[in-house]
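Lettering of chains follows the sequences in order, A, B, ..., and the numbering in each one begins at 1. Keep in mind that what you see is a predicted model, and the values were worked out from it rather than measured.
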There are 2 protein chains.
Amino acid sequence: MPRSGVETQARPDGGSEDLPDYGLIESFFFAYRDFVGDADRILLEYGFGRAHHRVLHFVARRPGMTVAELLDVLRITKQSLNRVLKELVGKGFIRQEEGRDDRRRRLLHPTEAGRDLAVRLAQLQTRRLRAALAACDGSAGREAARRFLLAVMDPRGARGVQDGARPARIGR
Amino acid sequence: MPRSGVETQARPDGGSEDLPDYGLIESFFFAYRDFVGDADRILLEYGFGRAHHRVLHFVARRPGMTVAELLDVLRITKQSLNRVLKELVGKGFIRQEEGRDDRRRRLLHPTEAGRDLAVRLAQLQTRRLRAALAACDGSAGREAARRFLLAVMDPRGARGVQDGARPARIGR
DNA sequence: AAGATATGTCAACAAAGCTGACGTATTCGA
DNA sequence: TCGAATACGTCAGCTTTGTTGACATATCTT
């Protein structure tokens, strides 16, 4: 089978439906790697990793989130979460508030420093993504790119993003 | 762009340029997670992880690749690569051929089983991506989505994908 | 023959995921 | 009111996949 390109193109007989689209797959892989790479460099300065970033991001995005909600969004175990959460609290980027109606809950909030870092990271990533959107053809193209990303996700998660990264079971 | 967080919306004074686009960031995160999740389930059956997938993918995509070229594409250390490469060779998914003009080189090729698995995984991911492209508005929208992904990547990597996932220093 | 290059390997470590078990505080429900 | 369920935290140990640093071997280049 001829490699390097031939099988990613439509054949004359029209049977290209189940031929893998290697270009698209690899674009997604490399794009995501560079996308997270931006933040990685900043996080190094703080002694944090990607796991810290994800936790900080969602807490900053939706202050007052509980631990259970965060676990739902991240889909990791509480042990994994606790390791990084403890560090974020210890270094003063997140604070835990006792739930008012249910005192078992810990409402997670970013501190000032936490919000600053989260915003800084989000701006960095936004800059790259917006620059990429500019490569799309007009506002229709930009909207297409946004719809594409939403459509790649499983439907359950897609609802969450549109509703502000809220876990499905909470967002109803 | 009705997001759901005050800080993601354009302000009346028009200063929305450096406000983070949380929706876009999270779409990318969740989309990538679900995208790789498809393959993870299959890989489990073989006792392989994501690292094996990446190696197998690029070897299947460009048979005859050398170890150095693979390292260039993946951007990991030879020790990390060797661990998974050894397993892929041991289980009969990749074979190593001695370079003809330079016998120090190991030309990596997928075996029949390797090619089958690589294609199966690529088809699974292609199915999801193509379904997502269908959510874009027409062929112009689909092209916009493709351009978006290429534009998110660092330019160096983008050249590689267009040239068949070839590392920059080889593809010239 | 000397030095550079391509690859492989040993050892040790780190990040971030996992399972299983167990403890404590709090709330809920019969 | 009391026992079960829930929310959270923690201890211990394991896995995958990345990292450094050191060193060995074969081969090519000069």
Taking atom [atom2] of [N] as reference, at what distance in whole Å does atom [atom1] of [X] sit?
X: Arg103(A); N: dC8(D); atom1: CZ; atom2: C1'; result: 14 Å
X: Arg75(A); N: dC18(C); atom1: CZ; atom2: C1'; result: 16 Å
X: Glu69(A); N: dA7(D); atom1: CD; atom2: P; result: 10 Å
X: Leu108(B); N: dA6(C); atom1: CG; atom2: P; result: 14 Å
X: Asp40(B); N: dT16(D); atom1: CG; atom2: P; result: 13 Å
X: Ile76(A); N: dG9(D); atom1: CD1; atom2: P; result: 13 Å
X: His53(B); N: dG18(D); atom1: NE2; atom2: P; result: 13 Å
X: Glu98(A); N: dT24(C); atom1: CD; atom2: P; result: 18 Å

* To do: Among the candidates dA16(C), dT7(C), dC8(D), find the nucleotide nearest to the side-chain atoms of Arg50(A).
  => dA16(C)
* Asked: Nearest of dT17(D), dT7(C), dA16(C) to any side-chain atom of Ala51(A)?
  -> dA16(C)
* Taking only heavy atoms on the protein side, list every residue of residues 77-88 of chain B lying under 4.0 Å from any atom of DNA chain D, sorted numerically. => Thr77(B), Gln79(B), Ser80(B), Arg83(B)
Is it true that [X] and [Y] make a salt bridge, defined as a side-chain N closer than 4.0 Å to a carboxylate O?
X: Glu97(B); Y: Arg95(B); value: yes
X: Asp21(A); Y: Arg127(B); value: no
X: Asp72(B); Y: Arg75(B); value: no

* State whether Gln96(B) places a side-chain N or O below 4.0 Å from either non-bridging phosphate oxygen (OP1 or OP2) of dG8(C). => yes
* Should His52(A) be listed as having a side-chain N or O under 4.0 Å from OP1 or OP2 of dA16(C)? -> yes
* Leu74(B) and Leu71(B): same hydrophobic cluster, using ILVMFWY side-chain contacts below 4.5 Å? -> yes
* Earlier contact from the 5' end, DNA chain D, for Arg100(B) and Arg106(A) -> Arg106(A)
* Asked: Which part of the nucleic acid, if any, lies within reach of Asp101(B) when heavy atoms closer than 4.0 Å are counted: base, sugar-phosphate only, or nothing?
  -> sugar-phosphate
* Could you grab the distance from atom CG of Leu56(A) to atom CG of Leu121(A), nearest 0.5 Å is fine? => 7.0 Å
* side-chain contact (heavy atoms from CB on, under 4.5 Å) partners for Arg50(A), two or more places apart -> Val36(A), Asp40(A), Arg54(A)
* To do: Determine the interplanar angle of the Phe58(A) and Phe29(B) rings, folded into 0 to 90°, and report it as parallel if under 30°, tilted if 30 to 60°, perpendicular if over 60°.
  => tilted
For nucleotides 4-6 of chain D, which of its nitrogen or oxygen atoms have a protein nitrogen or oxygen under 3.5 Å away, and what is each distance?
| from | atom 1 | to | atom 2 | distance (Å) |
| --- | --- | --- | --- | --- |
| dT6(D) | O2 | Arg104(A) | NH1 | 2.5 |

* Asked: Want to settle it: does Asp102(A) or Phe48(A) sit nearer the 5' end of DNA chain C, counting the closest nucleotide to each?
  -> Phe48(A)
* Go through the steps for Arg61(B) and Glu26(A) under the test salt bridge (charged side-chain N to carboxylate O under 4.0 Å, His left out), then give the verdict. => CA-CA 10 Å; Arg61(B) 161 77 173 216; Glu26(A) 288 161 16; 3.7 Å; yes
* To do: Can you establish whether the number of heavy atoms outside Arg33(A) located under 6.0 Å from its atom CZ is more than 12?
  => yes
* **Nearest non-hydrogen partners of Ala122(B) and Tyr22(A), listed with the distance** => CB-CE2, 3.8 Å
